[in-house]
K.L.:
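Got a structure here, written out as structure tokens. Questions coming.
We number each residue from 1, following the sequence as shown. Ligands are counted one by one from 1 in listed order, and the atoms in each one are counted from 1 as well.
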Amino acid sequence: MEAKKIRNTFIEFFQSKQHHYIASSPIVVKNDPTLMFTNAGMNQFKDFFLGNDIPKFTRVANSQKCLRVSGKHNDLEEVGVDTYHHTMFEMLGNWSFGDYFKKEAIEWAWELLTEVYGLPKDRLYVSVFGGDVGDNLEKDTEAFDIWKGIVPENRILFGSKKDNFWEMGDTGPCGPCSEIHIDLRTAEERSKDNGYDLVNNDHPQVIEIWNLVFMQFNRLADGSLKELPAKHVDTGMGFERLVRAIQQKSSNYDTDVFMPFIHAVEMKSGKSYGKDEKTDIAMRVIVDHIRAIAFTIADGQLPSNNKAGYVIRRILRRAVRYGYTFLGFQKPFLHELMPLLAENFGDIFPEVAAQQDFIAKVIMEEESSFLRTLENGLKKLDQIKEEMGKTGSQIIEGKVAFELYDTYGFPLDLTSLIARESGYSVDETGFAKEMEVQKTRSRAAAEQETGDWVLVHEEEGVEFVGYDYLQSQSRIVKYRQIKDKKGDRYQLVLDRTPFYAESGGQVGDQGWLQSDGERIQVLDTKKENDLIVHFVDRLPSDPKVVFAAQVNEQKRRLTMSNHSATHLLHAALREVLGGHVQQKGSLVNEDVLRFDFSHFAKMSEEEIAAVEQIVNTKIRENIALGEQRNVPIEEAKKQGAIALFGEKYGDFVRVITFDRHFSVELCGGTHVPATGNIGLFKIISEGSISAGVRRIEAITANAAEAYINGQLALVKEMQELLKNPKDLKKSLEALMQERNELKKEIEALHLKEAASLKTSLMQKALQVNGMNLIIESVKLPSAEALKKLAFELKNEVDQVVAVLAAEIDGKPQIAVVIHEDLVEAKGLNAGNTVRELAKSIQGGGGGQPFFATAGGKNLAGLPEVVEKAKAIFAHQS
Ligand code: ATP
Ligand code: MG
């Protein structure tokens, strides 16, 4: 069975059991402080388990893009080395939100694997949670009894908390689980050792394929477990592992999910897969990593220097490095796999195919720049070895290896490898120590302590009224304390709130909660998954009362103006530059709007002016806001609404329209009632932020007015400075012209002066012991002039020794010139002389035996320089 068919079969099987198919949520996570990337199918459903949100369907099936390269689930170092852990993989899942529980989950899993996919029953083993003393949890006898009715007891294992109790992170929903493992060894091997003993023992052919999690607890910050309000099923099956089992391969990479990519890399490198362990690992790393890189970029996360962007950058670099070291790829190569990727995954994940060129461009730029870094690093390593050669040491210090890692992106194993090739080794313990120091540092910076929620009022769901009102009567549902860099604060959840929570680029609202005699500032509003969380610096004395919740109106209105202008800008850019313009990020607050978009060239002045003009025209047309809530997503798309890649949309969306032929977008933000409210739009900058992505910053309303008034005021000031000329531009040009002429005149004067200075110096030359001595104080306009004068004296005066103690721009300088003949005959040295003389001006310098200069700090020392020089050369014989 082909991979695509296997995926569809899974979905269809659960659809036949009344499950609703849901598309994968983005692989990059927004609005969740505990997670950077989706690491399991359940992430997007977390709020359902916690009871923060009510699901529309109680049975769901999906294929979720996952990435396990950071945090609690990190498989990065295994990937490529083994054949069944990937960075990015698909997790097939079926879900019950308070609907069916263990019995159906287990029975259906078994039916699908053995009857539909036809996996041999005698290769399957199952595990059940065996209890945990620390958490005071009993064995999962319920699951055990169900399994006993299906498989012989000698195929059921009891597992520890590590293997059979699933947790997403340090806190959050969790529960006992039951895993299904498959023994893919050859018949011969199977006859030798019992597969039962190899389950959960890291055997590469006896692997877990499916995990059935029975969500029934919430892990609190203090480590304790609390029963969830309802019981749920969360299952996750690794798609690539399933395909391997069905296609009877001994490696995920031998399936039709990866083989086309392996072939492409074979062609490109001229090496064959399966011949050598090192090149095999490199090929697996590349074909695995390209998926992770492309999928995350498609979902809007560009490689960068921090957080999620840095994780992507590191994955990309790992792939480049393996290609460079083991496959001889010295030029960018990863990006060439993009067409194949688009072709293979276009149907299930259309976001990759739709942005193929953009993604390829981003990857190529990253590759080129890292390959340059790699070369610099190699040079640096050569240098290090050369320096060590002098000391005789053969061990590269941990600190040095860490610097290579930190600034050149050289991982330890690469440094060790290269070192070993020339008989060196690396102090790995020292390296580990440095690494630990850095980790501790960044951990301390990111530290945040979050307390558990304290319930104030029982409340089903939370109502957001901020599209229609800026105030409401609200009660606190729950609160908790948080501690981080900013100090102690509290987070509040209200039953009804007018506060917009930061999302879609728009900042969170500020304002206050007012009760009898007490006013609490709301400092910020953010989303945690779908929960609206208000940040305050103290709790009200009585949290149980009803508050008047009031949004800071002025800030909000300016923010709305900027948000609506962003929509107009987006539409105008597509009109002026073309339909390839895709939003890649935005920030909207009360001061400014920032819009990042895909486009490959700098915008010309004309293009910028055209965009501004379109937006301002739309503002003057005073187009009324079109706002539709709860539109089925398919219908919104039919209206031509622009959806953003990497944004998570539900089945029902909000559509914001300003003239349905101009701007239609899916958007949850707040907007002006009509475009006229924006007043004025002005672009203040346009530039590149990374490969293929440009950024526009613009302002509206009061800010735009203030900006333009500021520019006009500047012009007025200039006019006044120039005594109010009729034509400002002309009079500035005349001024510049005059300045250039004066400059030329001054230069000519300097030349004249220098010539007469030279003549007078030459006349002062004293003959002493076969030398023509010129030792004088001079005043010169520049160091250049001093040097020129010194050389002219050397060329024009025989057997010259000249010491010029110069004042240049109020600073002392010395130049010493000695004729070459004297250098040889008398062993004189201008360099030594200038160093000696420089002491008098508190300075230093040097040069060659026949010419040297020095600068210093002490102008008053110049006469002493002259005296000293006379003393030195008068005694010269
Ligand atoms: P393992 O012990 O093999 O690492 P796990 O216990 O981490 O697996 P779960 O967290 O239970 O796995 O995830 C559910 C399923 O997802 C697994 O049964 C497996 O099929 C698949 N899976 C987990 N991690 C990976 C990965 N890195 N690459 C591919 N598939 C994976
Ligand atoms: Mg794992």
K.L.:
Looking at ligand 1, does any of its N/O atoms fall within less than 3.5 Å of an N/O of Asp75?
P.N.:
yes

K.L.:
In Å, rounded to the nearest 0.5 Å, how long is the span from CG of Asn62 to NE2 of His20?
P.N.:
11.0 Å

K.L.:
Record the part of Trp210 in heavy-atom contact with ligand 1 below 4.0 Å; permitted values are side chain, backbone, both and neither.
P.N.:
backbone

K.L.:
Using a strict 4.0 Å threshold on nitrogen-to-oxygen distance, state whether Asp452 and Lys226 make a salt bridge.
P.N.:
no

K.L.:
Does any N/O atom on Ile209 come nearer than 3.5 Å to any N/O atom on ligand 1?
P.N.:
yes

K.L.:
Is a salt bridge present between Asp299 and Lys65, judged by a nitrogen-to-oxygen distance below 4.0 Å?
P.N.:
yes

K.L.:
Drop me the distance from His203's NE2 to Glu189's CD, to the nearest 0.5 angstrom.
P.N.:
6.0 Å

K.L.:
Quick one: look at His85 and ligand 1, take heavy-atom pairs under 4.0 Å, and tell me if it's side chain, backbone, both or neither.
P.N.:
both

K.L.:
Under 3.5 Å, N or O to N or O, is Gly238 touching ligand 1 that way?
P.N.:
yes

K.L.:
Look only at interatomic distance and state if Glu240 has a nitrogen or oxygen under 3.5 Å from any nitrogen or oxygen of ligand 1.
P.N.:
no

K.L.:
Is a side-chain N or O of Asp183 found less than 3.5 angstrom from the main chain of Val206, in a donor-acceptor match?
P.N.:
no

K.L.:
Is there a nitrogen or oxygen of Glu179 sitting under 3.5 Å from a nitrogen or oxygen of ligand 1?
P.N.:
no

K.L.:
Roughly how far apart are Ile207 CD1 and Arg241 CZ, rounded to 0.5 Å?
P.N.:
5.5 Å

K.L.:
Which donor-acceptor pairs under 3.5 Å do side chains of residues 3-15 form with protein atoms, sequence neighbours excluded?
P.N.:
from: Arg7; atom 1: NE; to: Glu90; atom 2: OE1; distance (Å): 2.8
from: Arg7; atom 1: NH2; to: Glu90; atom 2: OE1; distance (Å): 3.4
from: Arg7; atom 1: NH2; to: Glu90; atom 2: OE2; distance (Å): 2.7
from: Asn8; atom 1: ND2; to: Lys4; atom 2: O; distance (Å): 3.4
from: Thr9; atom 1: OG1; to: Lys5; atom 2: O; distance (Å): 2.6

K.L.:
Any atoms of ligand 1 less than 4.0 Å from a non-hydrogen atom of Tyr84? List them with their elements.
P.N.:
28 (N), 29 (C)

K.L.:
What do you reckon, does Arg68 put a non-hydrogen atom under 4.0 Å from ligand 1?
P.N.:
yes

K.L.:
Any idea which atoms of ligand 1 are less than 4.0 Å away from a heavy-atom of Met91?
P.N.:
13 (O), 14 (C), 16 (O)

K.L.:
Below 4.0 Å from ligand 1: does a non-hydrogen atom of Phe239 turn up there or not?
P.N.:
no

K.L.:
Closer than 4.0 angstrom, basic N to acidic O: yes or no for Arg291 and Glu240?
P.N.:
yes

